[in-house]
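Working notes for the structure below.
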Amino acid sequence: METNVLILGSGGREHAFAWKIAQSPKLGNLFIAPGNAGTMRCGKNVALDILDFKAIQNFVLDNSINLVVVGPEEPLVKGIRDYFEAESALQHVRLIGPGSIGAQLEGSKEFAKKFMARHCIPTAAYKSFTQNELNEGLRFLEQMPGPFVLKASGLAAGKGVVIPEQLEEAKRELQEMLSGKFGSAGDTVVIEAFLKGVECSVFVLTDGKDYFLLPEAKDHKRIGEGDTGLNTGGMGAFSPVAFCDTDFMAKVKERIIAPTIQGLQAEGIPYKGFIFFGLINVDGNPFVIEYNCRMGDPETEVVLPRLENDLLDVFEDLFTGRLGEISPQFSHEAAATVVVVSGGYPEAYEKGKIIHGLDKVADGLVFHAGTQQRDGEIVTAGGRVLAFTGKDDSLDRAVSMAYAQIDQICYEGIYYRKDIAR
Ligand code: AMP
Ligand code: GLY
């Protein structure tokens, strides 16, 4: 039977999902809501609000959708799976992503920290504080060495982590966070020990019992070259990551992936979806920096080009209990993606700039993020605009391919980092 798929989201990640799923011989119709100017070339964009579950239900039923792939975290944290499970008309529809409790791994840093403590999963030591515990929080900071890692516990669009070097600044930050700097996301603040090491991201798809490992990746979070300036959603990524060798990955599986999935199972938290482990390698040992309940963006733009399995097959196995039986096939080639953004991002930026030259770029590995089709032209419609992925035996050449593609395009205010994967 053919699978009719609806992908929720509008970023480079969702374009990469659409591109990969469109290659499957099992695909019937593909819809992306709301999508962007790139996803239109893989399927049909539909103007749906991804938080309007009733509207999504109607669309799913009207279009005989049997698989829903949820790109971003917000619908998951807000319970889209719980909604689908509660509606009798939707029982036959498969949805990729955990329920709202499983999504708390990302939606509440405090929940994630407590979960890791219960299951002895290596992570930085921490303590959390609410508004009426400000004084205890300030005293806690005084007793620890810097740098000081402060995290708003709730969802803050990737902006809720600050790492001041100085005690006075850390105290001021704690005060501001607890008084609403990140809205209610900062009602609880997690303060944790600073870990010194190199970061990487590991992804699995799990049915709550077994898991399918995807290629690992590393992203560049800061806006400026040399990892300087403000944090962004991600300015580029590459895969594979040299230090994620067999030895390191064996530790990741044994100390982090397996106990996480066993922990979910032991606590009766069903989980059918992606887990993104944000890790840090401290002297050869992996620690969890954060969990996400979805794939990464822009990591997906290098992970999926390296995955050789048919993604619809893998999703099928997720629901038939066969996930543990298939072996992940990764391309031996490396992939690198460079994100081009709107001038001003991640602060205020203008939209609606005409993007020239896209027709000159070889189609396959250009993933659209903040783009829109308008009067026959493609214009910018977000902070992160396009992700250019190169793929080659050598990572160096993959990176050069990505930059060579970027040289073909231009729009007013274009900015990108020149040092991705270098
Ligand atoms: P998060 O949103 O939790 O991934 O944090 C954002 C970034 O802050 C991470 O990618 C790390 O670079 C940094 N970070 C978070 N927690 C720690 C920590 N305990 N030690 C050092 N760096 C951290
Ligand atoms: N690139 C980081 C994220 O998707 O959270």
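Each ligand, and each atom within it, is numbered from 1 in the order the structure gives. The chain is numbered in sequence order, starting from 1.
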Residue pair His368 / Arg41, side-chain donor-acceptor N/O under 3.5 Å: yes
Quick one: look up the protein heavy atom nearest atom 19 (N) of ligand 1 and list residue, atom name and how far away it is. Glu192 OE2, 2.7 Å
Axial cation check for Tyr349 ring with Lys351, 6.0 Å and 45° limits: no
So, regarding Ala193 and ligand 1 (criterion: nitrogen or oxygen to nitrogen or oxygen, under 3.5 Å), is there a contact or not? yes
Can you find an N or O of Asp297 that's nearer than 3.5 Å to an N or O of ligand 2? yes
Using a 4.0 Å cutoff against the non-hydrogen atoms of Phe194, which atoms of ligand 1 qualify? 20 (N), 21 (C), 22 (N)
Ser100 versus Asp82, side-chain donor and acceptor atoms under 3.5 Å: yes
Does a donor on one side chain and an acceptor on the other come within less than 3.5 Å for Thr228 and Arg222? no
Side chain, backbone, both or neither: the part of Lys196 lying under 4.0 Å from ligand 1 by heavy atom: neither
Ligand-side contact atoms (ligand 2) for residue partner Phe276, heavy atom cut-off under 4.0 Å: 3 (C), 4 (O), 5 (O)
Between Asp310 and Ser24: side-chain donor-acceptor atoms closer than 3.5 Å: yes
With the threshold set at 4.0 Å, does a side-chain nitrogen-carboxylate oxygen contact exist between Asp219 and Lys221? yes
Mark the output for Gly296 as yes if a heavy-atom distance to ligand 2 is under 4.0 Å, and as no if none is. yes
Within the 3.5 Å criterion, strictly below it, is a donor on Thr389 or Thr337 matched to an acceptor on the partner's side chain? yes
Just distances here: any N/O of Gly233 and N/O of ligand 2 closer than 3.5 Å? yes
Specify the protein heavy atom at minimum distance from atom 9 (C) of ligand 1: its residue, its atom name, and the distance to 0.1 Å. Glu199 OE1, 3.4 Å
Could you walk me through whether Val70 and Ile50 pass the side-chain contact (heavy atoms from CB on, under 4.5 Å) test, one step at a time? CA-CA 9 Å; Val70 185; Ile50 61 170; over 6 Å; no
Pick one of side chain, backbone, both or neither for how Arg294 approaches ligand 2, counting any non-hydrogen atom pair under 4.0 Å. side chain
Just by distance, with hydrogens left out, do Glu133 and Thr130 show a side-chain donor and acceptor under 3.5 Å apart? yes
Of the protein's non-hydrogen atoms, which lies at the shortest distance from atom 16 (N) of ligand 1, and what is that distance? Lys151 NZ, 3.0 Å
Students should be able to answer this: which protein heavy-atom is nearest to atom 21 (C) of ligand 1, and at what distance? Leu195 O, 3.2 Å
Atoms of ligand 2, numbered as shown, that sit under 4.0 Å from any heavy atom of Glu299: 1 (N), 2 (C), 4 (O)
Just let me know how Arg13 lines up against ligand 2, side chain, backbone, both or neither, with a heavy-atom cut-off below 4.0 Å. neither
Starting from atom 17 (C) of ligand 1, what is the nearest protein heavy atom, named by residue and atom, and what distance separates them? Ile289 CD1, 3.5 Å
Under a 4.0 Å heavy-atom limit, does Ile163 contact ligand 1 with its side chain, its backbone, both, or neither? side chain
Go through the side-chain N and O atoms of Gln57 and Tyr83 and say whether any donor and acceptor fall under 3.5 Å apart. yes
Looking only at N/O atoms, are Glu290 and ligand 1 under 3.5 Å apart anywhere? yes
May I ask you to identify the nearest protein heavy atom to atom 2 (O) of ligand 1, giving residue, atom name and distance to one decimal place in Å? Val161 CG2, 3.3 Å
List ligand 1 atoms under 4.0 Å from Lys221, heavy atoms only on the residue side. 10 (O)
Using 4.0 Å as the upper bound for N to carboxylate O, is an ion pair formed by Asp227 and Arg417? yes
Are Glu290 and Lys151 close enough for a salt bridge, meaning some N to O gap below 4.0 Å? no
